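Structure, as structure tokens:
These numbers come from a predicted model, not from an experiment.
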Amino acid sequence: MDETAAKRLVFAMLDADGDGVISKAEYSARVERVTLATGRTNDDPLVVAARANGARAWAAMDADGDGGVTFDEYAAWAGAEAFDTVCEPVLAGLFDLADTDGDGALDLKEFTTLRAALGNPAGNIESAFAALDGDGDGLVARADYLASVRAHVAGENSPAGEALYARAAPA
């Protein structure tokens, strides 16, 4: 998948209402949905950190400060450099919220909780998990998850990234 197509998939996931603009509320809701799905409290240090990282990412994405990010703005900003400097802490924080046992890896239940809360189609979650669980131990390591998402947004080969962000095929 090329980089533009990968960015379109991620943009579509972030633009939850499908109006062609990612709002601050849509972007911030990701942390709130994962917090709710994992039963964490608002004062949990991982929730506080995830919110702070999300606020920094939003400020970088919404460079003109108008409160919305169009696909063109997102496409100009997103990529490997943005991932390395801004997005990785956000995604790592969301991963950590879902890692309820704190072992640095997600089992299928934790992975499903995370990806469903982030808006991935339910039909894609198990295939993405399988692609990321390369050794078949039933766990997805944090580093493998982050590397796969990075490869996806950079337009590199990422079967797990493609599965994570692909829209479910119509029934």
Side-chain angles (χ1 to χ4, degrees), residues 6-71 73-75 77-122 124-125 128-129 132 140-150 152-153 160-161 163-167:
K7 289 177 182 179
R8 284 193 187 284
L9 290 172
V10 175
F11 182 87
M13 183 189 66
L14 294 173
D15 179 20
D17 65 9
D19 69 353
V21 177
I22 304 166
S23 69
K24 183 176 184 179
E26 285 172 312
Y27 190 78
S28 300
R30 298 172 345 128
V31 172
E32 304 317 314
R33 288 191 311 266
V34 175
T35 298
L36 183 63
T38 58
R40 293 188 183 271
T41 60
N42 287 330
D43 62 348
D44 183 311
L46 292 175
V47 173
V48 172
R51 285 185 181 133
N53 287 330
R56 279 191 291 280
W58 176 256
M61 277 185 9
D62 185 22
D64 64 6
D66 70 353
V69 176
T70 65
F71 177 74
E73 290 173 300
Y74 178 78
W77 174 77
E81 182 178 343
F83 185 89
D84 294 343
T85 60
V86 178
C87 298
E88 184 172 7
V90 173
L91 293 170
L94 293 171
F95 183 100
D96 293 344
L97 288 175
D99 182 13
T100 56
D101 60 8
D103 67 354
L106 301 181
D107 61 25
L108 180 58
K109 181 180 179 200
E110 292 168 325
F111 186 81
T112 299
T113 297
L114 172 64
R115 296 317 307 177
L118 294 179
N120 289 120
N124 299 350
I125 293 173
F129 184 86
L132 284 165
V140 171
R142 187 178 194 251
D144 294 340
Y145 174 77
L146 294 172
S148 178
V149 176
R150 183 190 189 280
H152 180 71
V153 299
L164 281 171
Y165 292 104
R167 291 281 181 209

Could you tell me whether the side chain of E26 and the main chain of D17 form a donor-acceptor pair under 3.5 Å?
-> yes

Is there a donor-acceptor pair under 3.5 Å between the side chain of D62 and the backbone N or O of G67?
-> yes

Should R150 and D84 count as an ion pair when the cut-off is N to O under 4.0 Å?
-> yes

What are the two closest non-hydrogen atoms of [X] and [Y], and how far apart are they?
X    : Y    : result
T113 : A37  : CG2-CB, 3.6 Å
P89  : V86  : CD-O, 3.2 Å
I125 : A116 : CD1-N, 3.7 Å
T100 : R40  : CA-NH2, 3.8 Å
Y27  : V90  : OH-CG1, 3.7 Å
A117 : V34  : CB-CG2, 3.8 Å

Are side-chain heavy atoms of [X] and [Y] found at a separation under 4.5 Å?
X    : Y    : value
L94  : V31  : yes
V149 : Y145 : yes
L132 : F111 : yes

Would you give the length of the straight line joining atom [atom1] of [X] to atom [atom2] of [Y], rounded to the nearest 0.5 angstrom?
X   : Y   : atom1 : atom2 : value
L97 : D44 : CG    : CG    : 7.0 Å
R51 : L46 : CZ    : CG    : 11.5 Å
D15 : S23 : CG    : OG    : 8.0 Å
Y74 : K7  : OH    : NZ    : 7.5 Å
M13 : I22 : CE    : CD1   : 9.0 Å
T38 : D96 : OG1   : CG    : 11.0 Å

Check step by step if side chain to side chain contact (heavy atoms under 4.5 Å, CB included) holds for E110 and D101.
-> CA-CA 9 Å; E110 292 168 325; D101 60 8; 3.5 Å; yes

How would you list, by chain and number, every residue that makes a salt bridge (Lys or Arg N to Asp or Glu O under 4.0 Å) with E81, sequence neighbours excluded?
-> none

Using the salt bridge (Lys or Arg N to Asp or Glu O under 4.0 Å) rule, take D99 and R142 through it: C-alpha gap first, then chi angles, then the decisive distance, then the call.
-> CA-CA 9 Å; D99 182 13; R142 187 178 194 251; over 6 Å; no

Would V47 and T41 satisfy side chain to side chain contact (heavy atoms under 4.5 Å, CB included), going step by step from the backbone distance to the final call?
-> CA-CA 7 Å; V47 173; T41 60; over 6 Å; no

Derivation of the side chain to side chain contact (heavy atoms under 4.5 Å, CB included) call for F129 and T112 | CA-CA 8 Å; F129 184 86; T112 299; over 6 Å; no

